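The structure appears right after this line, and notes come after that.
Letters A, B, ... are given to chains in the order of the sequence lines, protein chains preceding strands, and every chain is numbered from 1. Atoms considered below: every heavy atom in the structure, side chains included; atoms not considered: hydrogens, waters and symmetry mates. Everything quoted here is computed from the prediction, not taken from an experiment.
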Amino acid sequence: MHPSSVRVRFAPSPTGYLHVGGVRTALFNWLYARKTGGKFVLRIEDTDIERNKEEATQIIIDGLKWCGLDWDEGPDVGGPYGPYYQSQRMGRYREVGEQLVKSGRAYWAKKESGGPPPEWRIEKLKKEGKWDEDWARAAADPNPALYLKPDLKGRSEMAFDDAVKGRIAKPAATWMEEDGKTARDFVIMRGNGMPVYNFACVVDDVDMKISHAIRGDDHVENTFRQLFVYEALDHKPPVFAHLPMIFNEEGKKISKRRDPVAITLYQNCGLLPEAFVNFEALLGWSPGDEREMMPLQEITKEFSLDRIKASPAQFALKRKRPPPVPAGGATTDPAIEAQIVEWLAECLVGSKLEWLNGEYMKKLSLDELLARVAPFLAKCGYDLSDKAPGWLKAVLALGQERTKTLKQLAEKCSLFFKAPETLDPKAVEKFLKKNDGLALLKEVRGILARVAEWSAPALEQALQSFSEQKQRKFGDVAQPIRVAVVGVAASPPIHDTLYLLGQRETLRRIDAALAAVS
RNA sequence: GUCCCUGUCGUCUAGUGGCCUAGGACAGGGGCCUUUCAAGCCCCCAACCCGGGUUCGAAUCCCGGCAGGGACGCCA
């Protein structure tokens, strides 16, 4: 087999977090590279961000790794077409800029006094709080900027074939002045000598021999401008594939303003990366049959660009209450992050993502499960150091079927780590105060104190024969114990629960309950 | 405002002119099992945005509406 000429890239800007949309873009690029035997490149688009670049890049790298994605070339691993930070490629952009000046496709000029921006734009900028920043800054820049002249001669429209959406065309007039004849030139390098996104992106994609640009739908408009740059450079553009947007439950593009987009949030909710990635892959792509649960490897086998949907998908959460302020994006404040995580965990309940995660959790071996859940147990404050691994795994085995996230699992284990602080009054009423509950519990306590062998089967046997002897339903015996021992009316099977609690702790809790209720 | 894109159950989707009284999954409702909670199994509810064409036949093709979204920076 010939080495594939497919080269794709994920080019995030280091904003301090990796968001769910970015993960999907990265994922689809990765899938296409792995499917075709091509190369996957990571490039950091940091032309406009000054602060914490290193740290922010690391966050992206960590996030991608968590998702199980790897790259063949990138800032950390290097590669033949580096550097992979745009901030380190400035010389190259200037070089290409000069080249365009020489070939007559671009020119330096001062900002034309085009008057103030239109009303609708001012409104938008103000709404986003950007009116004072970038816009004003740029307007104030006295230095000449580099303008590219789009080639519109003899053209009525510009078009390209998108691998997802098919042919996309726009009338040439879009890039013309009011007169409908003169092309409207656009800036490719700022007055301060920094390249503009649409320019840097093309220069890099050319240099890095990118064959397919797989990116978000919101770049469709950029594509046309980039096409002009490719033309000016006399270079064949890559195949473009625009992924549909990811919407929130309001049908709007997810945003860090109000949606939980940082993937660390999902990590901290106790989601497994394999489930998260599986879920994201299914947002806009499907294998064409009825498979839902597909590990990355299996998706890779089936992946193709032409099975990507053109319509947007909702990343549906079930919001029961509004997000705590500041809403759901990235934050560096652990206390706020914790609040958002709590909120997100609630929103996840009943979602397909949660269900899928539960499915993956059930497939995990107990050893794996233990390794994954350990950080969450630690976060709950449970001391694992004096616990036997066998015991821990037995506890997890009980939780594995009953929970859908690692966070839930850790929290569900609490009954084995600490006695209930209070007994649920409703449960007490129903199972202890009625139906001879207390009396039965007292008797059972005696039996449990004298049981010969403290094992799950022996306990089950003992309780079973006790209920038979009393001519009661098993539940009449089990429920009072359950309430006494865990404080609520629900738990894993009673014999398993008691066994793992141990005899001493079981008796201690029953005594405490008897004292509290009598 | 201009341009572009999209429109199948509440949600993710299958569907590329007849296999469609539209399939699967999540959620919801009900049942079985059962010591509770889960899990598992079974059943139910639930959609082709609207209107015109084309065709023997349309969710699928065409046109027109409507609705939603996106983009329009010396942000990326």
Can you pull out the residues from residues 90-97 of chain A that lie within a 4.0 Å heavy-atom distance of RNA chain B?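 Nucleic-acid contacts, sorted: none.
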B/S/- contact track for nucleotides 25-41 of chain B, protein heavy atom under 4.0 Å: BSS-------BBBBSS-
Hey, does the side chain of [X] come within less than 4.0 Å of [N]'s phosphate (OP1/OP2), counting only N and O?
X: A:Arg319; N: B:U11; value: no
X: A:Lys309; N: B:A14; value: yes
X: A:Ser286; N: B:A14; value: yes

Scan the side chains in residues 475-491 of chain A for donor-acceptor partners under 3.5 Å anywhere in the protein, sequence neighbours excluded, and list what turns up.
unit_1   : atom_1 : unit_2   : atom_2 : d
A:Asp476 : OD1    : A:Asn435 : ND2    : 3.4
A:Asp476 : OD2    : A:Arg472 : NE     : 3.4
A:Gln479 : OE1    : A:Arg482 : NE     : 2.7
A:Gln479 : OE1    : A:Arg482 : NH2    : 3.1
A:Gln479 : NE2    : A:Ala489 : O      : 3.3
A:Arg482 : NH1    : A:Ser491 : O      : 3.4
A:Arg482 : NH1    : A:Ser491 : OG     : 2.9
A:Arg482 : NH1    : A:Pro492 : O      : 2.9

What's the separation between atom [atom1] in [X] and atom [atom2] in [Y], rounded to the nearest 0.5 Å?
X: A:Lys362; Y: A:Glu359; atom1: NZ; atom2: CD; result: 4.0 Å
X: A:Thr47; Y: A:Met90; atom1: OG1; atom2: CE; result: 6.0 Å
X: A:Phe474; Y: A:Glu468; atom1: CZ; atom2: CD; result: 9.5 Å

Is there a donor and acceptor pair closer than 3.5 Å between the side chain of A:Asn222 and the base of B:A76? yes
Hey, does the Lys NZ or Arg CZ of A:Arg307 hover above the aromatic six-ring of A:Phe303, less than 6.0 Å from the centre and inside 45° of the axis?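 Output no; distance or angle outside limits.
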If you look at every strand shown and take non-hydrogen atoms under 4.0 Å, does [X] touch a base, only sugar-phosphate, or nothing?
X: A:Arg307; result: sugar-phosphate
X: A:Ala169; result: sugar-phosphate
X: A:Lys252; result: sugar-phosphate
X: A:Ala313; result: sugar-phosphate

Could you check how far NE2 of A:His219 sits from P of B:C5, rounded to whole Å?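 Whole-Å distance recorded here is 18 Å.
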Spacing between A:Leu282 atom CG and B:A14 atom P, to the nearest angstrom: 9 Å
Both A:Pro171 and A:Phe279 contact RNA chain B. Which one's nearest nucleotide lies toward the 5' end?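 The residue mapped nearer the 5' terminus is A:Pro171.
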